[in-house]
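Notes to accompany the following structure.
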Amino acid sequence: MTHAPSWRVLAASLFLVLGAGSATAQDKAPDAPSRGPGHAAIASANFLATHAGFEVLGKGGNAFDAAVAVSSTLAVVEQQSSGIGGGFMALLHRASDNSNTFLDARETAPKAVDMKDYIGKNGKPNRDASTRGPLSAGIPGEPAGLVWMAEHYGKLPLSESLAPAIRIAKEGFQPDARFLNTIAEHKDTLLRWPASAAVLLPGGKPPEQGWTLKQPDLAKTLERIAAKGRDGFYKGETAKLLLSSTRKAGGKWTTADLDGYTVKERQPLSVDYKGYRIVTAPPPSSGGVAIAEVLNILAGYDLTKLDAAHSLHYTIEAMRRAFRDHNEYLGDPDFVKMPLDMLLSKHYADGLRATIAPDKATPSELLPPAMAPEPGMHTTHFSVIDADGNMVASTLTVNLEFGSGFIAAGTGVVLNDEMDDFALVPGQPNAYGLRDSWANAPEPGKRMLSSMSPSFVFGADRTAIIGSPGGSTIITQVLEGILAFIDGKNAAQIVAQKRYHHQYLPDRVDVEPGAFDDATAKALTAMGHVLKDRSPWGFMNVVTWDHRTNTLDAASDPRRPSGLGKVQ
Ligand code: DON
């Protein structure tokens, strides 16, 4: 990126003068409760996946086994959003030793990655190469992540936790209207690859309501994982099929890419805010850093004493500054050095806060305007708690709807198009309008930066498990969910709450219709904020636990009719 705006320079100098502090915002906050709730809750984007989770809990599995069942079932019934050809990031809480860990099953760039492949003949970014077909696909992480979760944290063999997904893939299910509409919308892309069309376009046409989708190839791929674990996907028959079909279609994956894929367990980020401890995603997600930065800035205001317009103004200004840093600094921690101590320091936040005028929007850096596309209904998040208090917050993705649109012949696996989450052309917007720097440029084996922000919020009396899809808006939607929980809202209120988003560039506030009343919208506009209606928004799945009454509450976003939050 070219130059830093003056507020940032001021903030950085304040940081240097005051020195690095801890990553926390305010009052010391509690950890997770030491006892379990005695019953379980699951909220996911599809009722079949929620039921699969409870089926596995009923067989003696724990929250981690249930998470394997929910994820793999989503891979079968909601493959436009996530699947074993994609990746995930999950936050795990293990009750037995009160520990939190972050499972990074993010995709990686293949060894032969070449930035030139993503530039067209006209010298402009080649959006087709970065979002469609095998060149757009990173090496999948979800299979290795699920196997890791089962082997390190689960109680049941994969043959049991994958059983519901295998059964539904074999016997079939009736896709809902959203799934069918997504196929129709992407018909031309799917027709480009015979295996994609064979699975999703029977007779070459988009299917109609009442159609049963059976996926025998996907069932076989899942069976190989159930029988052989990691090797069932990254070696042998599945690897052979993946390599032959991707290479035939212009991809560059090799045996070494598949064989060399590794899951990373990382230390989650933790930020204390107004008596709550928020445990959230570290890099290569940008979500936790941005959420922590916003909360640290907001910790200096008493939002409850402000009118709606000012409370929103400060929150939007904090988002603007957090996304400015997102674009500039963040990438895969195994490849880039990031000033995390600075970004997470309360002194740094003090400096940023000092640059916010009370009644005036700060214009973002003047770069050519980017029209961030609206987030579609893809990527997925689910939340689980079991009777013992084990918890999982997991966000899973193939990136855009149906990922690359490419199903690897003979596997039934929809490959992701996660390469577009890299800064393939640094400074140029990706599908979410994010303009990342060289810190997020692709390199062999590197993980692309993500916005996925699975989070836990621990309070003295209440706990929340939260996350959402939505591309770059994941970060602000999860942040708003966390603030709503801290304000006392329950799971149903959190998921239903109207949302808004600012990401530095483009310099505007995206607003869900109805989020601001007329007077508030007018006041924000008078301060210089540019408001723009946006829909749809990502789909949250939230579980909350009130320790005082020992009640669990599970809610799926009302914007997604097939979702299900259930307590049992
Ligand atoms: O990892 C990321 O940040 C993106 N691949 C997530 C994509 C997403 O949420 C799309 N949903 N609307």
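For clarity, every value in this text was computed on a predicted model and none was experimentally measured. Indexing begins at 1, ligand by ligand and atom by atom, following the structure's order.
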How about L200 and F179: do any of their side-chain heavy atoms sit closer than 4.5 Å? yes
With a 4.0 Å cut-off on heavy atoms, is G538 in contact with ligand 1? no
Quick one: do E328 and S437 satisfy side chain to side chain donor-acceptor pair (under 3.5 Å)? Show the steps, please. CA-CA 6 Å; E328 182 87 3; S437 72; over 6 Å; no
Any heavy atom of E418 under 4.0 Å from ligand 1? The part involved is side chain
Do I474 and ligand 1 have an N or O pair less than 3.5 Å apart? no
Proximal ligand 1 atoms for S451, defined as those under 4.0 Å from one of its heavy atoms: 1 (O), 2 (C), 3 (O)
E418: side-chain hydrogen bond (donor to acceptor under 3.5 Å, both in side chains) partners, not counting sequence neighbours: R106
For the residue pair F323 and H501, is the inter-centroid distance of their aromatic rings smaller than 6.0 Å? yes
Ligand-residue contact atoms, ligand 1 with T397, heavy atoms, under 4.0 Å: 5 (N), 6 (C), 7 (C)
Purely on distance, is any nitrogen or oxygen of G470 under 3.5 Å from one on ligand 1? yes
Go through the structure and list residues passing salt bridge (charged side-chain N to carboxylate O under 4.0 Å, His left out) with K116, not counting sequence neighbours. D114
Residue from D421, D332, D334, D104 passing salt bridge (Lys or Arg N to Asp or Glu O under 4.0 Å) with R447: D104
What atoms of ligand 1 come within less than 4.0 Å of a heavy atom belonging to T379? 6 (C), 7 (C), 8 (C), 9 (O), 10 (C), 11 (N)
Check for me whether M89 has a heavy atom closer than 4.0 Å to any atom of ligand 1. no
Could you tell me whether the side chain of E443 and the main chain of F335 form a donor-acceptor pair under 3.5 Å? no
I'd like to check whether R106 has a polar contact with ligand 1, where a contact means an N/O of the residue lying under 3.5 Å from an N/O of the ligand. yes
